[in-house]
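What follows is a single structure, written as structure tokens, with notes after it.
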Amino acid sequence: MTYPIDHTHDPALRSWVESANAESSEFPMQNLPWCRAQRLDEIEAEGDAELAPVFLATRIGDEIVDLEALADAGLFEDVFEDEDEGVMGFALVEYLVAASPAERVAFRRRLSELLSAGDARVRDDEELREEAVTPVSRCVVLPALEPRDYTDFYASVYHATNVGNMFRPGNALLPNYKHVPIGYHGRASTVVPSGTGIVRPKGQQAPAEEGGSPSFGPCKLLDYELEVGFVVGRGNELGETIPIEEAEAHILGLCLVNDWSARDMQKWEYQPLGPFLAKSFATTVSPYLVTLEALAPFRCAAFERGAGDPQPLGYLSSDANRAHGGVDLTLEVWLSSAQMREQGHEPVRLSRGSFRDMYWTIAQMLTHHASNGCSMQPGDLLASGTVSGKARESRGCLLELTWDGDSFAEPPVLVPGTQRTAIELPTGETRTFLADGDEVILRGWCEGEGRRRIGMGECRGVVRAAR
Ligand code: MN
């Protein structure tokens, strides 16, 4: 199962939305991500965001386009095969999550036509344009689907090895790691949109000395985790599975995820059942769902396993997954402290890595998740786990980034315990973990020879003091 590279990816495509044609735009014609949006004037008119209409939308350049308004105007008729009475606005999202890959491709092609420079259907319909096209600065933008369930994986072997070496020196990877895509069930009720303040959690921390009592209080070692989320479209019935060949027909697209982590709480609580309260206080997601259709030109081979590594079991293997199960997506983490913002400093970049470095692919993670008959449902959020590469500068969380050890140096430099090197900020402040007022900004984009660069947008969150 692969999505085609076609004329919707042509780097020469232009839109009648001028801002989409700027080289610097992350949302050119070739992207067309999904989101939900509300108009600020409608929120103001209602006096309450809860009461203002929410609509399914795409982002093109600096504009938000209401897809439901286009559907109501009949512009997606004949795109969906089993459409009885035309696509009514309220049902568009249901059509899209249930759509077959062929229907999704047809939808993308139609949307691309409607927004392209030479197409008059929306461009010259003043009334429709007025209704459907709003500057992003006059909208609140939200993720396209609200997850009913959230699962977080641990798919970077570099991250797993570094963290393993910290927590269990010399015994980094447990024997299951290269056979099983490891994950844990997260909590959907605390998945929040980009921009939501993150209250520093309180929790239990290990006794200061052996035999002592644990303490309870504000987390002292608060961290972010740079992750890629992928969202389920079509689900599977309870008791049914998702064969790896079909996995990508069930995945709508990718977003950015920050899996905020309380390291002191995590270290004390994680054995034997894995993360619990160290993770469940908040998870931030970026608003734009970049579709697998849009990502077609940026697919790459799955992780190349070392000669000594086992091959995945049959249910996690396919030729297509090996050949292009990966995604060549560059990812960055940026930080700005409250003091930096007061003094007018720009955020500083902490790391840069790539999603192509993951040991397991999104298809393998989804197939494994459903392999016991667990039913996946439309909107379910799955996240990759921290994206870290081999190089120090690609480490996707502070736990690794400020760690003095290096599992991949020759010979490996393993420093058990808590020895850390602080990161210096332009204000002279230092960080080994996050301070109150810190804003963490995740960014991601795809680029390639002869391709228009497309971006994921941003995933932001500011740390608030514990209550
Ligand atoms: Mn995580």
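In listed order, ligands and their atoms are each counted from 1. FYI, side chains are in, hydrogens and waters are out, and symmetry mates aren't considered; it's all heavy atoms of this structure.
The aromatic rings of Y177 and Y359 lie tilted to each other, with the angle between the two planes from 30° to 60°.
Between H179 and H368, a ring centre-to-centre spacing not shorter than 6.0 Å is recorded. Checked against the 6.0 Å centroid threshold, F167 and Y270 count as a close aromatic pair.
Listed for the N165 side chain is no donor-acceptor partner under 3.5 Å among the backbone atoms of P169.
One finds a salt bridge joining D259 and K279 here, because a Lys/Arg side-chain nitrogen approaches an Asp/Glu carboxylate oxygen to under 4.0 Å.
Sorted by first and then second residue, the pairs that involve residues 286-302 and meet side chain to side chain donor-acceptor pair (under 3.5 Å), not counting sequence neighbours, are R59-Y288, R104-E293, E248-R299.
Protein N/O/S atoms closer than 2.8 Å to the Mn ion (ligand 1): D152 OD2, E225 OE1, E227 OE2, D259 OD2.
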